[in-house]
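Both counts, for ligands and for their atoms, begin at 1 and track the order of listing. Just so you know, these numbers use all the heavy atoms, side chains as well, and skip hydrogens, waters and symmetry mates. Predicted model, so just to flag it, every value in this text is computed and none were measured.
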Amino acid sequence: MKINVKNRVDWVGKVDWDLRKFHGNEYSTHKGSSYNSYLIREEKNVLIDTVWKPYAKEFVQNLSSEIDLEKIDFVIANHAEIDHSGALPELMKHIPDTPIYCTANGVKSLKGHYHQDWNFKTVTTGDTLDLGNGKQLIFVEMKMLHWPDSMACYMTGDNILFSNDAFGQHLATEHLFNDRVDQAELFVECIKYYANILTPFSSLVEKKIHEILALKLPIDIIAPSHGVVWRDNPAQIVEKYLAWSTAYQENQITIMYDTMWDGTRIMAENIARGIKQQDSDVTLKLFNISKSDKNDVITEVFKSKMVLVGSPTIGKGITSGTAGILEEIEGMRFKDKSAAAFGCYGWSGESVKKISEWLSKAGFTVVNDGIKCLWNPDEAAQAACVDFGASLCQ
Ligand code: FEO
């Protein structure tokens, strides 16, 4: 199967409708994903990226129905992570001497994954590869977006930016192009992808986008390695990335909690009531951490100006669910967000202090000492939670 992208450029990847977890179990993919591989057939034939390992045989079989594999002049490995390089071992069995173009870090990574001494050609930003017919590929290193080896390449003449992971989304669709899919569904997956994968590298994202824009290359199409190809107003996703990369927040407060006997949930709901009484405009979202998808929660944290985290005290600490999301949040290195903690306890009550310390370590501005409640909240304790919520908006 192939889908024409433009002129002599075809998509030859794999749509993975089956996928529900990615990066092991670290990222939920409610809508599946795709591994986008592109075949350019100018005077030179070039394959850009492959697919995830489970689909390697199917990919190579499909590719060989499109082109005699021996006629592929160059393979481009924009990124060595397994979802894009996983079919290389199967492909290179057929064409072991074909050059693979990648960054120096790409060579290290590909050798580390596959222990093969393929015919690597290393490239850096500004290097070019002639395709014939007056067209070229120009390479742009994308270091730490999101791996050390990440790279993009730009095809002159057709004005296509093959951006690899950047501007992608985990979305399986039979319609390859951004103008053909449900826009709400598309942008939910875009922001989730940015929030969960690119947030730690936001300063680099902003810098790299400005670097690419300064080249003043006409970009008609952005063709990432997951999800849709941006052919309708591709600048729209670039503008989103610029907004998301600069300490993004909406007028939203997210309250996340874990609860054992409902006390911390009751606290959460009364804090929410207090916030709403004080500020009827703010978007308020509550999540039971242990029952919610962690990547969806991270996306809501990304959109928030303030985050409230609650846990009962258990064994002088916090619940494992709370610890899990805090570990995740710490890794995201969010900027310019405030936070506070809350929780019930039965005797010693360490959870609030522990959460506050963790939030502070994660880069949040912790606005107060939090609120804790001995036993299940009675009327007075619930009223104190309402007051606590209201105080956060003053
Ligand atoms: Fe889609 Fe970083 O791999």
Side-chain angles (χ1 to χ4, degrees), residues 11-38 47-56 59 75-91 100-114 139-153 161-173 176 178 186 189-202 204-205 208-209 222-230 237 241 244-245 295 298-299 328 331-333:
W11 175 96
V12 288
K14 170 69 184 176
V15 178
D16 190 346
W17 293 94
D18 196 57
L19 193 76
R20 288 296 174 269
K21 291 285 181 181
F22 183 76
H23 279 159
N25 284 308
E26 285 301 300
Y27 189 110
S28 59
T29 48
H30 306 314
K31 305 283 182 182
S33 190
S34 66
Y35 319 107
N36 295 338
S37 170
Y38 301 96
L47 181 74
I48 300 179
D49 293 323
T50 68
V51 302
W52 188 31
K53 192 177 169 185
Y55 300 110
F59 169 76
V75 174
I76 312 292
N78 273 335
H79 180 25
E81 204 170 358
I82 317 299
D83 48 331
H84 310 296
S85 68
L88 273 180
E90 183 66 25
L91 176 65
I100 299 175
Y101 285 73
C102 60
T103 63
N105 281 323
V107 176
K108 285 185 203 164
S109 198
L110 288 168
K111 282 188 175 178
H113 289 317
Y114 304 113
F139 298 100
V140 183
E141 288 177 275
M142 304 276 277
K143 196 170 181 180
M144 296 319 296
L145 299 176
H146 65 130
W147 276 35
D149 69 288
S150 296
M151 177 175 86
C153 50
L161 179 67
F162 297 96
S163 59
N164 196 259
D165 282 332
F167 311 121
Q169 346 75 48
H170 289 302
L171 178 65
T173 167
L176 181 61
N178 68 308
L186 171 60
E189 293 305 326
C190 286
I191 196 168
K192 177 179 176 181
Y193 189 92
Y194 189 96
N196 284 271
I197 294 181
L198 289 163
T199 296
F201 312 111
S202 278
L204 297 173
V205 171
K208 183 56 70 175
I209 289 177
I222 295 178
S225 55
H226 297 291
V228 300
V229 167
W230 300 89
I237 189 62
Y241 266 48
W244 292 337
S245 64
N295 304 110
I298 291 289
T299 308
E328 191 98 5
M332 292 294 150
R333 289 177 254 153

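Side chains of His79 and Asp49: a donor-acceptor N/O pair is absent below 3.5 angstrom, by distance only. Residues Ser33 and His170 bring a donor and an acceptor atom of their side chains to less than 3.5 Å of each other.
Residues satisfying the side-chain hydrogen bond (donor to acceptor under 3.5 Å, both in side chains) test with Tyr241, not counting sequence neighbours, are none. With sequence neighbours left out, Lys31 forms a side-chain contact (heavy atoms from CB on, under 4.5 Å) with Leu171, Glu185, Glu189. Residues that satisfy the ring pair (Phe, Tyr, Trp, His ring centres under 6.0 Å) test with Phe139, not counting sequence neighbours, are absent from this structure.
With waters neither drawn nor counted, the protein N/O/S atoms under 2.8 Å from atom 1 (Fe) of ligand 1 amount to 4.
Under a cutoff of 6.0 Å and an axis angle of 45°, Lys14 and Tyr55 form a cation-pi pair.
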